[in-house]
Amino acid sequence: MLRIGSVVWGVQDVERAVTFWTQALDYRPRDEPDADWVVLVPREGSGVQLALKRVTSPQARRHHLDLYATDAAAEVQRLLGLGAVRVDWAYEPDADYLVLADPDGNRFCVVQKG
């Protein structure tokens, strides 16, 4: 039986990504980060690990996270304050999500749930 151990996220600046994602998700580094790699875990409780790996390619990565929120509008504003940016996106009329990008340009969605 398989299970997901970590989601590995390619970033160009590990330190900047640690700052953004620890604040965005209330995560912390599992161990001391190095220049090329760090694994982030929930500050409290359990959950999926987010591993940040330094990459040199400027091309977009083919991955994204769906972040569920009970107040998506408030979370979007908070994430924009942390350094996320809005992505120009063609939304369907009943879209329950907003596409953002982290400071490295990695896209993720904030989805209204609950």
ILVMFWY cluster, L100 and V11 together (side-chain gap under 4.5 Å): yes
Side-chain heavy atoms of L25 within contact of T22, under 4.5 Å: no
Minimal heavy-atom distance between L79 and A24, with the atoms involved, is CD2-CB, 3.4 Å
Return the orientation label for the Y91 and Y97 ring planes: parallel under 30°, perpendicular over 60°, tilted otherwise. tilted
Applying side-chain hydrogen bond (donor to acceptor under 3.5 Å, both in side chains), name anything that partners Y27, two or more places apart in sequence or on another chain. none
Please report the C-alpha distance between V7 and L65 in whole Å, then the side-chain angles of each, then the deciding distance to 0.1 Å, and finally whether the side-chain contact (heavy atoms from CB on, under 4.5 Å) criterion is met. CA-CA 9 Å; V7 173; L65 298 174; 4.2 Å; yes
Are V76 and R86 side-chain neighbours, meaning at least one heavy-atom pair lies under 4.5 Å? yes
Heavy-atom donor-acceptor pair, D104 side chain to Q12 backbone, under 3.5 Å: yes
Are V85 and W21 linked, directly or through intermediate hydrophobic residues, by side-chain heavy-atom contacts shorter than 4.5 Å (ILVMFWY only)? no
Would a hydrophobic clustering, with Ile, Leu, Val, Met, Phe, Trp and Tyr connected at side-chain separations under 4.5 Å, put L67 with L40? yes
Step through the shown structure and confirm whether more than 12 heavy atoms of other residues, nucleotides or ligands are within 6.0 Å of CH2 on W37. yes
Donor-acceptor contact below 3.5 Å, side chain N106 vs main chain G10: yes
Linked, directly or transitively: V18 and L82 (ILVMFWY side chains, under 4.5 Å): yes
Modelled atom types, side-chain donor and acceptor of W9 and D102, under 3.5 Å: yes
Hey, quick one: are V8 and V48 part of the same hydrophobic cluster, counting side-chain heavy atoms closer than 4.5 Å, chains of contacts allowed? no
Indicate yes or no: does D36 engage K53 in a salt bridge with an N to O separation below 4.0 Å. no
Check residues 107-114 and write down every donor-acceptor pair under 3.5 Å in which the side-chain atom is one partner and the other belongs to a residue at least two apart or another chain.
residue, atom, partner, partner atom, Å
Q112, OE1, A72, N, 2.8
Q112, NE2, T70, O, 2.7

Could you measure the distance from the CD atom of E15 to the CZ atom of R54? Nearest 0.5 Å is fine. 13.5 Å
Report yes if the side chains of E75 and D71 come closer than 4.5 Å at any heavy-atom pair, otherwise no. no
Do S6 and L50 have side chains that approach each other closer than 4.5 Å (heavy atoms only, starting at C-beta)? no
Whether over 12 other heavy atoms sit under 6.0 Å from E92 CD: yes
Should V14 and V38 be marked as a side-chain contact (heavy atoms from CB on, under 4.5 Å) after you check the CA-CA gap, both sets of side-chain angles, and the distance that decides it? CA-CA 8 Å; V14 172; V38 64; 3.9 Å; yes
